[in-house]
Amino acid sequence: MHKVDTLLHARWVIPVEPAGTVFEHHSVAIHEGLIVEILDTETARDRYQADIEHDFADHALIPGLINTHTHAAMSLMRGLADDLPLHDWLQRHIWPTEAAFVSESFVRDGVTLAIAEMLRGGTTCFNDMYFFPEVAARVATQLGMRASIGLIVIDFPTVWAKNADEYIAKGLEVYDQHKGESLLSFAFAPHAPYTVSDAPLQRINTLANEVGGSIPIHMHVHETATEVEESEAQNGQRPLERLNRLGLLSPLLLAVHMTQLTDAEIDAVAAAGAHVLHCPESNLKLASGFCPVARLMEAGVNVALGTDGAASNNDLDLFGEMRTAALLAKGVSGNAAALPADQVLRMATLNGARALGLDDRIGSLEPGKAADIVAVDLGALETQPLYDPVSQIVYAAGRDQVTDVWVAGRHLLKSRALTRIDENEMLGAVRDWQARIQAREA
């Protein structure tokens, strides 16, 4: 018999790749953080001797979900100034709150809360964009969470930096300090075309093609009609046209939201090999518009899923995003066959990994890839009767049915309990921030 660290036996194993595959009564063998083999359970019990075995008789094992767009620390502003237009919400509430409270301790506690919520919802990797990225990197590493750390850039001063040059310099320092950590990857994160001018964008594009062999550029693009109209008025160009002129429309671009697109722009994005990060629930809540997901995917664009920050969503729930993305795509396209369940699960896993340049490591359950795995209990009455486990995960299951989560083979959620986070301590810190923020709002 072969020795391995862990054997997971499940009613179903859904590897995502090859597409459409569902293994019944199969097991996953894990050793030193990697998937060794996926095989039928009877053979697995004969072939492997494991230090730890788990039986999931009513569960599906899926790849860890990948949240490709977050502002994790903004979890501390969940529910603040809801039901307002985007610019009113930002300018009168969010930005003043950030100016008053954002600090290393704010980011530490906000990211801890976000990671706790994401793990309990089956998310094993997140792509972040916020201030004090060095703090997010430290917290993710301490808690065993996989993260793509955004090196944020904005033209105007904040508590973290005074101008675009300083943002870039400090971002490169963060990269140099943490680039050797196995659970971390990085992206340049210029906030949006309307907050970053041409010269910094050109420098970011040059650096993105040099640093680490190339790293992504994570950016809000065409989020609202107002953004597009103001760009045309100020620059004589739509934002995507401007980004293309500056050389940023490329396979490195991770364009978030993309609710305002012409057919020609869809073709340009596809030809450039850029990726779209779709945040359906945030777009709906802020009335930003509809990303034409079905048309983008028909054109060959890689579309992945994100939640946005909890301040504008108001959760970090990729199960909810999957269902909303599927239903919204059908409604917007007028085609009930648009975005079937297996394609949506792929958007939340392998497509996200591909966007982040991590598809050789995560995003599907395959031998040699990291053991980022989620166990979903499909035995609950809410998911019965069960004819198709993939369809049930997308259309009926909720994040509360996630029982166990592994990142790189480490068991971070065990029977719904977080193994590396003291929930009482974390919630105490959250309540302190709530009291301070609430007092300011009042």
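We use all heavy atoms of the structure for the numbers below, so side chains are in, but hydrogens, waters and symmetry mates are not.
At most 12 heavy atoms of other shown residues, nucleotides or ligands fall within 6.0 angstrom of atom CZ in R92.
Put simply, the side chain of Q202 never gets that close to the backbone of S197: no donor and acceptor are under 3.5 Å apart. With hydrogens and angles ignored, the 3.5 Å screen pairs no side-chain donor or acceptor of H26 with any backbone N or O of I38. A donor-acceptor pair under 3.5 Å is absent between the side-chain atoms of H218 and the main chain of P190, judged by distance alone. In this structure, the side chain of E117 engages the main chain of L316 through a donor-acceptor pair within 3.5 Å. Between the N283 side chain and the S288 main chain, no donor and acceptor come within less than 3.5 Å of each other. Under a 3.5 Å cut-off, the side chain of S231 and the backbone N or O of V228 do not form any donor-acceptor pair. Not one N or O on the side chain of S391 forms a donor-acceptor pair closer than 3.5 Å with the backbone of D388. Although no hydrogens or angles enter the test, the distance criterion places a donor-acceptor pair under 3.5 Å between the side chain of R416 and the main chain of V402. Side chain of N127 to main chain of T68: a donor-acceptor pair is present (N/O by atom type, distance under 3.5 Å, no hydrogens or angles). Using a distance-only test at 3.5 Å, with no hydrogens or angles considered, no donor-acceptor pair links the side chain of E241 to the main chain of G236.
The shortest side-chain heavy-atom distance between I393 and L378 falls under the 4.5 Å cut-off. Side-chain contact between C291 and L296 is present, with at least one heavy-atom pair separated by less than 4.5 Å. The closest side-chain heavy-atom distance from P280 to L305 is below 4.5 Å. Looking at heavy atoms from C-beta onward, V153 lies in side-chain contact with I204 at the 4.5 angstrom threshold. Between Q237 and E232 there is no side-chain heavy-atom pair separated by less than 4.5 Å. Using a 4.5 Å heavy-atom cutoff, the side chains of M297 and L339 are in contact. Within the 4.5 Å cutoff, the side chain of L248 has no heavy atoms near those of the F188 side chain. Using a 4.5 Å heavy-atom cutoff, the side chains of L243 and M219 are in contact.
Under a 4.0 Å N-O distance rule, the pair D372/R361 does not qualify as a salt bridge. Residues D198 and R242 are paired through a salt bridge, judged by an N-O separation under 4.0 Å between the basic side chain and the carboxylate. The pair E134-K170 does not meet the salt-bridge criterion, since no charged nitrogen lies less than 4.0 angstrom from a carboxylate oxygen. The pair K369-E366 meets the salt-bridge criterion, with a side-chain N (NZ, NE, NH1 or NH2) lying under 4.0 Å from an Asp/Glu carboxylate O.
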Could you check T307 against N67 for side chain to side chain donor-acceptor pair (under 3.5 Å), going step by step and ending with a plain yes or no?
CA-CA 7 Å; T307 60; N67 190 341; 2.9 Å; yes

Residue pair T349, E17: steps toward the side chain to side chain contact (heavy atoms under 4.5 Å, CB included) verdict
CA-CA 10 Å; T349 54; E17 182 67 30; over 6 Å; no

Could you please spell out the steps behind the side chain to side chain contact (heavy atoms under 4.5 Å, CB included) verdict for K285 and D308?
CA-CA 11 Å; K285 182 166 183 281; D308 212 342; over 6 Å; no

Please evaluate residues N313 and S282 with respect to the criterion side chain to side chain donor-acceptor pair (under 3.5 Å), reporting the C-alpha separation (whole Å), side-chain torsions for both, the decisive distance (0.1 Å), and the verdict.
CA-CA 5 Å; N313 185 310; S282 175; 5.8 Å; no

Q401 and T383: side chain to side chain donor-acceptor pair (under 3.5 Å), yes or no, with the steps?
CA-CA 10 Å; Q401 289 170 254; T383 42; 3.1 Å; yes

Test side chain to side chain contact (heavy atoms under 4.5 Å, CB included) applied to I115 and F126, step by step
CA-CA 9 Å; I115 289 174; F126 68 104; 3.9 Å; yes

Would Q142 and T112 count as a side chain to side chain contact (heavy atoms under 4.5 Å, CB included) if you check the C-alpha gap in whole Å, the side-chain angles of each, and the deciding distance to 0.1 Å?
CA-CA 10 Å; Q142 290 164 4; T112 300; over 6 Å; no

Under the criterion side chain to side chain donor-acceptor pair (under 3.5 Å), I'd like the reasoning laid out for H278 against E321: C-alpha separation, chi angles, the key distance, then a yes or no.
CA-CA 9 Å; H278 178 38; E321 299 294 334; over 6 Å; no

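Remark: I66 CD1 to T123 OG1 distance equals 9.0 Å, nearest 0.5 Å. Of the inter-residue distances, the one linking L356 atom CG with S185 atom OG reads 6.0 Å to the nearest 0.5 angstrom. Here the CD1 atom belonging to I217 is positioned 5.0 Å from the CG atom belonging to N205, to the nearest 0.5 angstrom. Note: L151 CG to M129 CE = 10.5 Å, rounded to the nearest 0.5 Å. Here the CG-OG1 distance, from L76 to T97, works out to 11.5 Å after rounding to the nearest 0.5 Å. L240 CG to L249 CG: the interatomic distance, rounded to the nearest 0.5 Å, is 6.0 Å.
Ring pair H411/W406 is parallel by interplanar angle, where below 30° counts as parallel and above 60° as perpendicular. Using bins of under 30°, 30° to 60° and over 60° for the plane-to-plane angle, the ring pair H191/Y194 lands in the perpendicular bin.
Contact between F186 and P216 at its shortest, heavy atoms only, is O-CD, 3.4 Å. When all heavy atoms of F23 and P15 are compared, the closest pair comes out as CE1-CG, 3.7 Å. Smallest separation of non-hydrogen atoms from L65 and G121: CD1-O, 3.9 Å. For the residue pair A299 and I266, the shortest heavy atom distance occurs at CB-CG2, 3.8 Å. Taking both residues in full, the closest heavy atoms of G368 and L34 are given as O-CD2, 3.9 Å, listed atom of the first, atom of the second, then distance. I94 and A311 get closest at one heavy-atom pair: CD1-CB, 4.4 Å.
The salt bridge (Lys or Arg N to Asp or Glu O under 4.0 Å) with D317 is formed by just one residue from the set R78, R399, R120, R323; it is R399. Applying ring pair (Phe, Tyr, Trp, His ring centres under 6.0 Å) to F106 and the options F132, W160, F101, W433 leaves one that passes, W433.
Counting only N and O atoms by type, the side chains of S103 and S105 include a donor and acceptor under 3.5 Å apart.
Checked against the 6.0 Å centroid criterion, the rings of H69 and H71 qualify as a close aromatic pair.
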